[in-house]
Amino acid sequence: MLLDAQTLARLKGVKLRARAVMEGVLSGLHKSPHQGQSVEFAEHKEYAPGDELRHLDWKAYGKFDKYYVKRFEHETNLRSVMVVDASASMGYGSGAMNKLEVATTLAGALCYLLVRQQDAAGLALLTGGKWKDVPPRASAGHLNVLLETLDATAPGGGTDLGSAADHLAEVLPRRSTVIVLSDLLDEKQDALKRVLALRQRKNDVSLFHVVDPAELTFPFDDPTLFLDMEGEGRIEVNPREIKESYLEEFHAFLASVKAACAEADVDYELVRTDEKLDDVLLRYLGRRGRRK
Amino acid sequence: MTFGNPWMLLGALGAFIPLLVHLFDRRRPRPHPFGPMAFVLRSQKRTASRLKLKRLLLYALRTLILLAIPLALARPELSRDAQAAQIVKGPAATAIILDASLSMRWTDGTSLFERGRDEARDALKDLLPEEPATVLVCTSSPATPPPPGFDRARLRGLVDEAKPTYGAADLSRCMEMASRSLEENPMAAKRLVVVSDMAASAFRLEAPPPTVKGPTGAPVKPEVVLRDVAEGREALNNHAIVDLKVEPALQAGPRSFQFTFTVRNFGTEPAKDLEAAVRTGETTLAKGFVDVPAGGTTQKALTVRFPQGGTVVGQVTLASDSLVEDDRRAFVLPVPKALKALVVNGAPHATRYRDEAFFVDAALTAPGSPVEVAVRDSEVGLREDFSAYDLVLLLNVPAPNPEEAARLEAFVENGGGLFLSMGDRVNTEDYNQRLGAVLPRPLRVVRTSAERDTDPEAETKAARLAQVKQEHVLFSPFTGRAEEGLIGARFYRYMLLEADNPASPGASQVLATYEDGAPAVAVMRKGKGRVAMFTSTVDRDWSDFAIRTSFLPLMQRFAAYLTGSLEEREEVRVRVGELVTLRPEGAQKVTAVKAPDGSELPVKEQPDGSVVAGPVLEPGAYSVLGADGKMQPALSFAAMLDPAESDLTRVPQDTLTAYFGEETVKASSGDEDRPTVPLWTWLILAACVAFFFEGTLLRK
């Protein structure tokens with residue numbers, strides 16, 4: 001069942017929307033990859049609420065008087081983190097859903113898929129200029145935590161993808177899957193570079209570039225006072241006069257992002273907020289399937 | 001500048017609308033929170049200068065549109081009419097003088113005269129209703145203009161009917177005539193409007209400028225309005241045939257003529273490879289090319305050999321320019337017919353140069369001579385049928401018998417030519433008795449001026465020709481150096497003649513005499529024919545004239561004269577605008593003179609028998625008709641243009657202003673004929689273009 005953006009928007013909450021999208025995706029998939037378990041020790045990790053108690057390393061506790069949890073290679077089939085940009089600019093939407101709603105729905109659907117496959121899924125939310133992490137887990141109960149967290153996310157604050165990338169580089173073990181959902185409207189010049197640098201740490205990085213159709217086509221006619229959603233900036237222009245120049249700039253930006261992703265071996269997916277999200281996911285998963 | 005609807009100019013205030021909109025339009029823009037503000041800012045910065053320029057252009061274009069439309073609706077017109085209107089302000093009795101001289105035929109698509117006519121019409125139109133006016137068409141013989149009046153239709157009719165002439169026009173005289181005409185009107189102010197190409201030949205600037213009687217009777221200068229139909233042109237380029245000479249070209253054969261025409265370039269640029277040709281009808285007889293430097297003169301000679309005798313009417317032509325009338329000149333040329341001459345040799349001799357007829361035969365059969373000669377001795381020659389010949393020459397011939405003499409007389413009566421020369425074999429009594437009817441004067445006795453064989457001073461004592469009537473056609477070429485050939489001849493012996501012919505007193509004419517007054521050449525008309533007597537020998541027996549350079553041409557002219565093929569009348573050189581005097585001879589009658597366009601010239605017979613025709617109005621060949629209604633070639637003539645009219649040098653405006661007086665002269669543009677585009681059409685065009693560009697800018 002493929003749901004268009006309008007239909008999806010009528011569904012209240014990320015839970016429902018993500019589920020609807022996930023079901024649409026599942027009906028489009030033909031096989032589910034099976035990943036075997038491994039017991040090979042990989043590293044220690046400081047205990048955090050929610051970690052399996054059975055993996056608590058009592059010897060280490062004896063040595064350091066701190067709780068450490070043992071991690072193993074291929075402990076799960078996949079360890080994924082959805083990095084969702086919830087900055088103020090993500091709150092822009094000219095259609096049924098704004099960019100944040102599209103991003104959280106996509107993140108929720110991916111969490112569904114991952115958990116259903118007994119893969120671990122976590123979240124890293126950038127909202128109000130602060131980070132909110134939900135560590136990856138594969139338990140069914142964790143899915144509710146993820147979806148509720150996404151549901152409670154509201155746009156606000158500035159975009160700081162660079163520091164988010166740095167943060168993830170610290171906390172994420174190698175070979176994790178990082179899925180970034182953002183409009184990439186970060187004022188800092190090296191933000192994208194730092195996000196893409198995650199790939200250099202053997203992480204599997206995917207980038208969902210969420211854009212609104214109005215940003216792509218600039219369909220304004222009358223003189224407009226444009227207000228900056230992440231700052232105090234404002235400018236009065238006649239959109240017809242700058243439309244050509246704006247489109248040139250914006251499409252050059254899209255092309256540069258796409259080219260940088262290709263260069264860094266990062267999956268790039270341009271997501272319009274008016275398109276069917278299950279299509280987006282099928283397109284994404286299909287491409288990844290072909291790569292493997 | 002004038003405006004047809006001046007109140008429409010109020011609409012020009014609309015030009016301020018764009019400025020007011022710019023100043024007071026404060027529409028509040030719709031606020032719109034937007035994510036990619038950085039791109040909007042960058043785009044705005046990138047396009048700012050271009051947008052500024054665009055806004056400025058839009059403002060200018062909109063202002064132009066709003067300004068041009070009301071201006072166009074106000075129907076503005078530029079200067080000329082305004083200036084003319086200004087000139088005619090203040091009522092004045094006005095005389096419009098339209099130059100109709102040949103130079104006004106100059107054309108560059110539209111002739112100057114056509115422009116002049118339009119100017120004259122405009123001048124009439126510009127008159128105030130209370131201004132009386134008259135029109136004078138200025139030709140070589142202008143008619144007195146009607147008194148100034150208010151019948152504009154009649155004056156306009158005069159202008160419409162005016163035609164350019166082929167003659168010169170004296171504008172100074174025409175202005176004087178117009179001034180006199182204006183004096184008949186009581187209105188104090190007078191005005192002369194001169195419509196002309198201002199050619200220098202039309203003005204006599206050495207004469208005082210025209211005046212009219214003022215209110216007190218004292219002469220005052222009238223206002224002069226100059227309407228220059230060639231305004232804007234410094235010079236009117238023109239080349240013309242200014243002279244034509246047609247002379248026999250004996251070296252080229254019989255009936256050959258050399259046409260020497262003088263070409264003058266009145267322009268400021270050299271004329272190269274101008275085609276010059278001699279034509280009769282559509283046939284080109286000879287053609288050449290001529291180069292004429294700027295302001296210079298060149299001669300071109302073309303030789304034409306006519307296939308047969310008769311009167312040839314043709315024209316020489318030059319490559320056409322803007323004034324074609326002076327690029328051709330007509331000619332009426334009598335081409336001698338082939339003549340048959342019987343030479344009766346009275347003293348043949350085995351040695352050719354001692355033969356009586358040797359020198360005459362050589363002269364008449366020289367190259368280029370149209371005479372075919374048959375030489376016979378006396379016995380045979382006098383028995384010939386004279387009617388088979390045009391000319392009989394009796395050279396030292398014994399007197400013919402009565403029967404032969406009667407035939408000779410009949411021959412002369414019927415139009416034949418008879419030439420008699422003396423010698424030892426001429427018996428005076430027999431000649432007087434038998435040929436008395438055809439002798440110009442009876443023979444008296446032979447006189448010996450010097451004995452050549454015995455007297456060593458014979459050469460100095462020998463008689464010479466003393467008086468030669470060079471005005472007679474027979475001797476007309478023998479002037480200047482050519483005369484030396486005549487007066488250098490020595491005559492040792494010659495026949496004395498009686499004072500007059502008793503049979504026909506006064507009929508004979510002595511054309512040349514010796515130093516003692518005795519006739520050397522006597523001629524006489526007899527019936528339709530002519531007789532000429534040479535009182536010495538035509539060989540070297542009595543004189544050495546036969547070996548003189550003048551002998552050959554004189555003998556040829558004798559032959560031509562006696563057969564009537566040598567025109568006795570002088571070449572008629574008549575210019576357009578002049579009267580021509582025709583002198584019919586003998587049975588000739590002049591009943592009509594037809595112009596090239598077929599019209600007849602007025603003809604008036606004079607008490608002395610001559611006929612005055614004309615004035616000649618156009619150049620070309622004129623046919624003179626006789627009593628039988630047929631053309632008389634001998635009287636027909638060609639009329640030519642006055643070369644002075646070909647000189648189109650213009651008088652500078654400053655010169656004319658100084659001449660007429662600066663306070664009285666008003667200049668007026670003469671370019672009415674140039675397509676005048678009212679200013680409002682340009683304004684509409686400007687508005688449309690501005691509208692188009694405004695739309696284009698808006699779409700960008």
Side-chain angles (χ1 to χ4, degrees), chain A residues 85 87-94 98-100 155 158-159 182-189 209-254 273, chain B residues 14-68 686-700:
Chain A
D85 175 8
S87 63
S89 65
M90 289 291 282
Y92 180 74
S94 62
N98 62 30
K99 291 190 278 185
L100 183 60
T159 310
S182 170
D183 56 9
L184 299 176
L185 297 177
D186 194 326
E187 288 179 356
K188 295 184 186 66
Q189 295 293 319
H209 191 178
V210 186
V211 292
D212 190 89
E215 293 171 342
L216 280 171
T217 57
F218 208 63
F220 310 105
D221 287 324
D222 300 326
T224 307
L225 177 65
F226 287 102
L227 307 172
D228 191 353
M229 297 178 77
E230 295 183 6
E232 297 300 314
R234 54 174 57 205
I235 183 169
E236 182 186 335
V237 293
N238 185 344
R240 278 181 299 185
E241 291 175 346
I242 64 160
K243 180 175 183 175
E244 191 180 335
S245 173
Y246 168 85
L247 291 178
E248 202 177 300
E249 293 265 352
F250 193 75
H251 286 279
F253 163 70
L254 293 181
T273 57
Chain B
F16 291 105
I17 291 175
L19 180 66
L20 296 174
V21 168
H22 175 73
L23 291 175
F24 299 108
D25 180 32
R26 284 284 175 263
R27 275 186 300 167
R28 192 165 288 176
R30 189 168 57 89
H32 186 86
F34 195 57
M37 270 294 279
F39 299 100
V40 176
L41 283 168
R42 271 211 296 277
S43 301
Q44 204 271 343
K45 198 177 283 181
R46 229 177 86 179
T47 55
S49 55
R50 190 167 60 84
L51 287 176
K52 199 172 178 182
L53 179 67
K54 180 181 165 182
R55 284 199 193 105
L56 204 65
L57 275 173
L58 277 174
Y59 172 72
L61 289 171
R62 285 165 183 166
T63 305
L64 177 63
I65 293 169
L66 292 170
L67 191 63
C688 290
V689 171
F691 187 73
F692 170 77
F693 281 112
E694 196 256 356
T696 309
L697 272 177
L698 271 182
R699 278 193 295 274
K700 283 198 169 184

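Letters go in sequence order (proteins before strands), and every chain restarts at 1. Values reported hereafter were calculated over all heavy atoms of this structure, with side chains retained and with hydrogens, waters and symmetry mates removed.
- In this structure, A:E248 pairs ionically with B:R46, as a charged nitrogen and a carboxylate oxygen lie closer than 4.0 Å.
- Residue-environment remark: CZ (B:F693) stays at or below the threshold of 12 foreign heavy atoms within 6.0 Å.
- Interface with chain B: from residues 210-217 of chain A, residues A:A214, A:E215 qualify, criterion being any non-hydrogen pair under 4.5 Å.
- Of all heavy-atom pairs spanning B:P31 and A:L227, the tightest one is CB-CD1, 4.0 Å.
- Nearest heavy-atom pair, B:E694 versus B:L58, reported as atom, atom and distance to 0.1 Å: CG-CD2, 3.6 Å.
- Note: A:F220 and B:F34 meet the aromatic proximity criterion, with ring centroids under 6.0 Å apart.
- Counting heavy-atom pairs closer than 4.5 Å to chain B, the top-ranked of the candidates A:P223, A:G91, A:S94, A:G233 is A:P223.
- Looking at A:F250, the atoms closer than 4.5 Å to chain B (heavy atoms on both sides) sit in the backbone and in the side chain alike.
- B:R30 touches chain A through backbone and side chain together, each having a heavy atom under 4.5 Å away.
- Heavy atoms from other residues, nucleotides or ligands lying under 6.0 Å from CZ of B:F691 number 12 at most.
- Counting heavy-atom pairs closer than 4.5 Å to chain B, the top residue among A:D183, A:N238, A:L247, A:L185 is A:L185.
- Neither the backbone nor the side chain of A:D222 comes within contact range of chain B; no heavy atoms are under 4.5 Å apart.
- No hydrogens or angles considered: a donor-acceptor pair under 3.5 Å links the side chains of A:S89 and A:E230.
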*From CA spacing to verdict: ring pair (Phe, Tyr, Trp, His ring centres under 6.0 Å), A:F218, B:F39*: CA-CA 11 Å; A:F218 208 63; B:F39 299 100; over 10 Å; no

